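I have placed the structure first, in the form of structure tokens, so that the comments after it can refer back to it.
Here the structure is a predicted model, which means the values were calculated and not measured.
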Amino acid sequence: MENHTFSMDLLKLEGVKVIYQSTYPAFILLLIIYIFTMLANIGLTVLICMERSLHQPMYILLCNMSFNDALSITTIIPRVLFDILTPRSDRYITYNECFTQAFLGHWFGSNFHTILMIMAFDRYVAICNPLRYATIMNNKMLVKLCVFAWVVSLVFVAVLLDLTLRLSRCRTEIINLWCEHASLFKLSCESVLINNIYGLFFTTIFFITSMGSVALTYIRITMVCVRSKSKSLNSKALHTCFTHLAVYLIMLMTGFIIVFLHRYPQWSDHRKLASIMFYVVPPALNPIIYGLQSKDIHKLVVNISHCKKVSP
């Protein structure tokens, strides 16, 4: 009985399928991307926290996103790197580790939606109500929005994974690159109808809410810009909104590719590649996009680099 319990707690993980000749090139490439992403996001987070001139709502929300990106990619990529160098027959993970990875992966992935929704609201107030911006986006409101972004997704994900805990397990193989909600409930031989229904509800709520709020925000901003004859307002709207919209579309595109490829089992390898892209591309590009578009951040980075060159 003890041996049976131990075997059920130790799961076989499919992991990444890489041919032998591509093992080290794939490992090195993914490791370089991971290191760059971590340095860029942590560096941006530290810069915003330490520089008082960046203690503004837009940058505080950006700090939340960068911190979330660093946590998100750390939840997934180190395990993928480990599996690349590990033979398929030796890729094992305990159930507790698998559950933790699934929980954190879904939580940080959901945070990306909620944080971008709040950033869209911030841009809406800044452009459509510039005179009331400081009053509306005060410190108290900013704290509430940040707590809302992290707690709402936490509650939804907690319910999602709690439904999986109630199931008994009769299988021990995870047919995926890493652990997620669907991989966990597929270990059970019981009915998973409730899990499927809530999983669909969970995905629909986050996608529709984020797409709807962002779409309504930018429709409203566009209407204000069309009615306004101020070139400075239109220039500000284009400059600040392009950055946010670019980040959102990158995240949305990679997410939709995964959902689309789920319908075609023969393209499972393409879906797995798209899954890696979802956790790698947005976190890697976000600091670059915001760093290049934000004059304040760009100026600070240039000044810091110049000071290091000048100092003996």
task: State whether the SG distance for the cysteine pair Cys63/Cys49 is less than 2.5 Å.
output: no
message: If the condition is ring-ring contact (aromatic ring centres under 6.0 Å, His included), which residues does His181 pass it with, not counting sequence neighbours?
response: Phe185
message: In the structure I gave you, are the side-chain heavy atoms of Leu11 and Tyr92 within less than 4.5 Å of one another anywhere?
response: no
message: Hydrogens and angles aside, do Glu97 and Thr94 bring a side-chain donor and acceptor to less than 3.5 Å of each other?
response: yes
message: Distance to the ring centre below 6.0 angstrom and angle to the axis at most 45 degrees; does that hold for Arg220 and Tyr124?
response: no
Side-chain donor/acceptor of Asn64 to backbone N/O of Ile60, under 3.5 Å: yes
field: Met277, CE atom: more than 12 neighbouring heavy atoms under 6.0 Å
entry: no
Pairs touching residues 33-90 that satisfy ring-ring contact (aromatic ring centres under 6.0 Å, His included), sequence neighbours left out: none
field: Thr203 side-chain N/O to Leu200 backbone N/O, donor-acceptor pair under 3.5 Å
entry: no
- request: Assert yes or no for the condition that the ring centre distance of Phe202 to Phe206 is strictly below 6.0 Å.
  value: yes
message: Looking only at the aromatic ring of each residue, does the gap between the centers of His106 and Phe156 stay below 6.0 angstrom?
response: no
- request: Give a yes or no on whether Ile77 and Ile42 share a hydrophobic cluster (residues Ile, Leu, Val, Met, Phe, Trp, Tyr; joining criterion: side-chain heavy atoms under 4.5 Å apart).
  value: yes
task: Check whether any side-chain N or O of Arg171 sits under 3.5 Å from a backbone N or O of Lys186 as a donor-acceptor pair, and report yes or no.
output: yes
Residue pair Gln101 / Thr75, side-chain donor-acceptor N/O under 3.5 Å: no
field: Residue pairs fulfilling salt bridge (charged side-chain N to carboxylate O under 4.0 Å, His left out) with at least one residue in residues 59-85, sequence neighbours excluded
entry: Arg79-Asp83
